[in-house]
2 protein chains.
Amino acid sequence: MGINERKEREREHRKEEILDAAQRVFFEKEFTAATVDEIAEAAELSKGTLYLYYKSKEDIYLAVMMRGMEKLYEKLEPISASGSTTIQKLLNFCECYKEYFRSDRRYFRMFHFLQAPHFHKQVSDEMNESCSQLSRKIWSLVVGLLKSGMEEGVFRSDLNPFEVAIILWSSITALLLRADTEIEAWKERLNIDLENVLDVSNDLLFNAIMTDKGRSEYNILIKAGQH
Amino acid sequence: MGINERKEREREHRKEEILDAAQRVFFEKEFTAATVDEIAEAAELSKGTLYLYYKSKEDIYLAVMMRGMEKLYEKLEPISASGSTTIQKLLNFCECYKEYFRSDRRYFRMFHFLQAPHFHKQVSDEMNESCSQLSRKIWSLVVGLLKSGMEEGVFRSDLNPFEVAIILWSSITALLLRADTEIEAWKERLNIDLENVLDVSNDLLFNAIMTDKGRSEYNILIKAGQH
DNA sequence: GTAAATATTGACTATCAGTCATAAATTATA
DNA sequence: TATAATTTATGACTGATAGTCAATATTTAC
C-alpha cells in the first residue's frame, strides 16, 4: 500500500504550507499581535483545518521558530566539522551567531518567546520534545568544542564544559536579545553600541576560560582579524 | 484648599490598595493567567474602577513589578553607601541579588516580562518612564561602583564602566532568569546547579575586569568567604 | 437643601483561540 | 460504474477576557 505513504507525504507537505503562511505572518507581527485567522487566511485554509495539523497557536509558532533554530544549526555545524583549530572555531561560532542575528533577525527575534515561562503552557508535549531535541543538537556543538579545547589544553580543564557552555550561551544570547530591542536606545542615550559590548563581553569570557596556551593563539588570531 | 490635597492622598491610597490586590493575584498567577476581573474582585472594586486608576492590565503589572524593583534598590543602596571597599561592595551586590532571587522570588519572577518586547506595547508612556527611571537608579549604583573601582585601580580602567555594567547585569540576570525556570531540569539532567554556575560566571567575569591589585584583594576575600 | 462635580458600577462590545456538527472530497467495495 | 465508507475541510459557534461607557451613587459647593 503506497497510499498511506502518499497520504503521509501530503500531510507533511500541507504542514509545511501552513508553516510557510505562519512564517509570513509571524515575521510581520509578534506572537500576540498575530492571529490564527490571519495565518489561516494566508494559508488559504479555514481555521479549523489548521487545528487538524497543529494543536495550538503556540505549536505553530514553535514550529516556525524551529526552522530558525535549524537554520542556525546548519550554519554552526560546518564550523564544528571544519579542520580549524578549536580557538578558531570558537571565534567562528560567535561570528556566525552574530551574523545570524544580523541576517536572520526575524527568526532570531522569535527566540524572545523561549524565555517567557507562561508560553510553554500551551505547547504540546511532542512539540516541546522536538524543540528540546533541536536545542540539544546546537548545545552539543558548543559543549563538544569546549571539551576538545580542554583536552588540547587551550581551555582551562578545571572548568566544567557544560557550565561554561551555559555561561557563554546565556551571556551571548542575553546581549543579542537586548540588542534586538534596545540597540538604538543605548546608542542615543549613552552612545554605546551593544554589538560592540558583545565583543567586549566575549573577549573577557574567552580570556577567562583559556589557558596561557589558548590565549597566545587567541591573541594572534584577534590581531590578525583587526584590520 | 486642603480638599484637593486630601483627594490626591486618597487617590494615591486607592492606587496602593489596588496594587496590594494585584500583587496577591500576580504572585499566584503569571501575567496571562491572571485576569483583571480577579484583581478587581481581590480589590473589592468593580473592573471599571480599576481602569480609572490604571490605564491597562500591563500598567498594573508594571506598577507591582516596580515595587519589586524598589525593594531591590532598597537592599542594594545601603551596600553602595557603606564604608566597604569597592571589591567587597561588588561581592555584596551579587550576594544581595542572589538573596533577593531566593527570598523575593515572586517579585523577581515578574522581571521575565521586562524582556518580552510585545508587552511594552500596552504600557502607558508615563508608566514606561517611571519604570526606566527606577531602572536607571539601580543601574547607576552598579556604574558608580565600577567607576570608583577604576579610579582606585582595582578595576581595569581601559574598560568602559557602562559597558561592563551591561555585561555584568545581563549575565547575572540571564542566569537567574534561567535558574528560575530551569534549575530543577538542569539538576536532574546533568546534575548541574545553576546557582553554582552563576558563581562560576561571576568569578570568571570579576577576574577579567580586575587589575592585579583588585584580584589580590578579591582572592583574599573569596578565600575568607569559603568556610 | 439642592445643584454641580466626582467616583463607581457592571452590563456591554470587540477580539480571538479553539471546537464541532456539517459538508465536501477521496477511497474502497460491489 | 454506482454506492458506501472514510478522510479531509469548513466556518459558525462558544467561552474567555480586556477594555468601555451610559447610568447610578456619592461627595462637594453654594
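So you know, we letter chains A, B, ... as the sequences are listed, proteins then strands, and number each from 1. Side chains included, hydrogens not; waters and symmetry mates left out as well; all remaining heavy atoms used.
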- Whether each nucleotide of nucleotides 9-19 of chain C has a protein heavy atom under 4.0 Å at its base (B), only at its sugar-phosphate (S) or at neither (-) is summarised, 5' to 3', as BB-----SBBB

- Separation between CG (A/Leu177) and CD1 (A/Ile172), nearest 0.5 Å, reads 12.0 Å

- Does A/Glu10 come within less than 4.0 Å of A/Lys7, counting only side-chain N to carboxylate O? no

For residues 125-134 of chain B, dump all side-chain donor-acceptor pairs below 3.5 Å to protein atoms at least two apart in sequence or in another chain.
unit_1, atom_1, unit_2, atom_2, d
B/Glu126, OE1, B/Lys55, NZ, 2.7
B/Glu129, OE2, B/Arg136, NH2, 3.4
B/Ser130, OG, B/Glu126, O, 2.8
B/Ser132, OG, B/Asn128, O, 2.7

- Note on the structure: Sorted by number, residues from residues 13-22 of chain A placing a heavy atom under 4.0 Å from DNA chain C are none

- Message: According to salt bridge (charged side-chain N to carboxylate O under 4.0 Å, His left out), does anything in residues 102-119 of chain B pair up with another residue at least two apart or in another chain? List the pairs.
- Response: B/Lys71-B/Asp104, B/Lys75-B/Asp104, B/Glu95-B/Arg102, B/Glu99-B/Arg102, B/Arg102-B/Glu195, B/Arg105-B/Asp180, B/Arg109-B/Asp180

- Message: If you take the centroid of each ring, where Trp contributes its six-membered ring, are A/Tyr97 and A/Trp169 closer together than 6.0 Å?
- Response: yes

- Return the set of residues passing side chain to side chain donor-acceptor pair (under 3.5 Å) with A/Glu16 (not counting sequence neighbours), or none when no residue passes. A/Arg67

- Task: Kindly write out the residues that satisfy side chain to side chain donor-acceptor pair (under 3.5 Å) with B/Ser148, not counting sequence neighbours, or none if the list is empty.
- Result: none

- Identified side chain to side chain contact (heavy atoms under 4.5 Å, CB included) partner of B/Leu72 from the options B/Phe108, B/Tyr107, B/Tyr100, B/Phe101: B/Tyr100

- Query: What integer distance in Å separates B/Glu10:CD from C/dA5:P?
  - Reply: 20 Å

- Interatomic distance where OH belongs to B/Tyr61 and P belongs to D/dA18 [whole Å]: 14 Å

- Query: How would you label the contact of B/Tyr53 with the nucleic acid (heavy atoms, under 4.0 Å): base, sugar-phosphate, or nothing?
  - Reply: sugar-phosphate

